[in-house]
Amino acid sequence: MTENEDKRIISFFEEYGRNEIPDDGFSQRVMRGLPSSDYVYKQRLNRIWTAVCAIAGIALFVLTDSVAVLKHLAANFVVDVFTSAISIDVSGVSFVMLAMMFLTFVYVAIYNMITSDN
């Protein structure tokens, strides 16, 4: 901005910025609608209840030995993924097919970069 524009903006706000806007009691209605101390009490009660439920959930998790169950699930998942990976038959895949697949991925990536809006 130029200095002239700055002066025009400042003079505009000096001229129109100090005028009172009639709101027909709107400000008072807004102030009455703000949360009261009852709302604050309910909000605190809600936080306490959330903390109690979280502590109960953690206690239930520990007391039911859920860590062992999670370890068992993770071990089964790893075994299933490994078994699925080694069961893939790649005997019919040639070098030419792999090269064409790679070139297709590169082409699509370059096309997406060129046509993207960013």
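The basis for the numbers below is simple: all heavy atoms, side chains too, and nothing from hydrogens, waters or symmetry mates. Since we're looking at a predicted model, the values are computed, not measured.
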Review point. Does V93 belong to the same Ile/Leu/Val/Met/Phe/Trp/Tyr cluster as M101, with side-chain heavy atoms less than 4.5 Å apart forming each link?
Key: yes
Practice item. Treat each ILVMFWY residue as a node, draw an edge where side-chain heavy atoms are under 4.5 Å apart, and state whether V106 and M113 are in one component. Key: yes
Exercise for review: Please name the residue in the list D80, V81, L73 that meets the side-chain contact (heavy atoms from CB on, under 4.5 Å) test with F77.
Suggested key: V81
Check your understanding: Between the main-chain N or O of D24 and the side-chain N or O of R29, is there a donor-acceptor pair closer than 3.5 Å?
Key -> yes
Review point. With a 4.5 Å heavy-atom cut-off, do E3 and K7 have their side chains touching?
Key: yes
Exercise answer: donor-acceptor pairs, residues 44-57 side-chain atoms, under 3.5 Å, sequence neighbours excluded:
unit_1	atom_1	unit_2	atom_2	d
T50	OG1	N46	O	2.8

Practice item. Rounded to the nearest 0.5 Å, what's the gap from CZ on R32 to OG on S27? Could you check? Key: 10.5 Å
Exercise for review: Output, in order, the C-alpha distance, side-chain angles, deciding distance and verdict of side chain to side chain contact (heavy atoms under 4.5 Å, CB included) for V69 and F61.
Suggested key: CA-CA 10 Å; V69 173; F61 183 80; over 6 Å; no
Review point. Hey, what else clusters with Y111 if you join Ile, Leu, Val, Met, Phe, Trp, Tyr whenever side-chain heavy atoms sit under 4.5 Å?
Key: none
Review point. When rounded to the nearest 0.5 angstrom, what distance separates CG in L98 from CE in M100?
Key: 11.5 Å
Check your understanding: Rounded to the nearest 0.5 Å, how far does OG1 of T115 lie from CD1 of I110?
Key -> 11.5 Å
**Study point:** Test side-chain contact (heavy atoms from CB on, under 4.5 Å) applied to L60 and L63, I58, T64, the passing residue
**Key:** T64
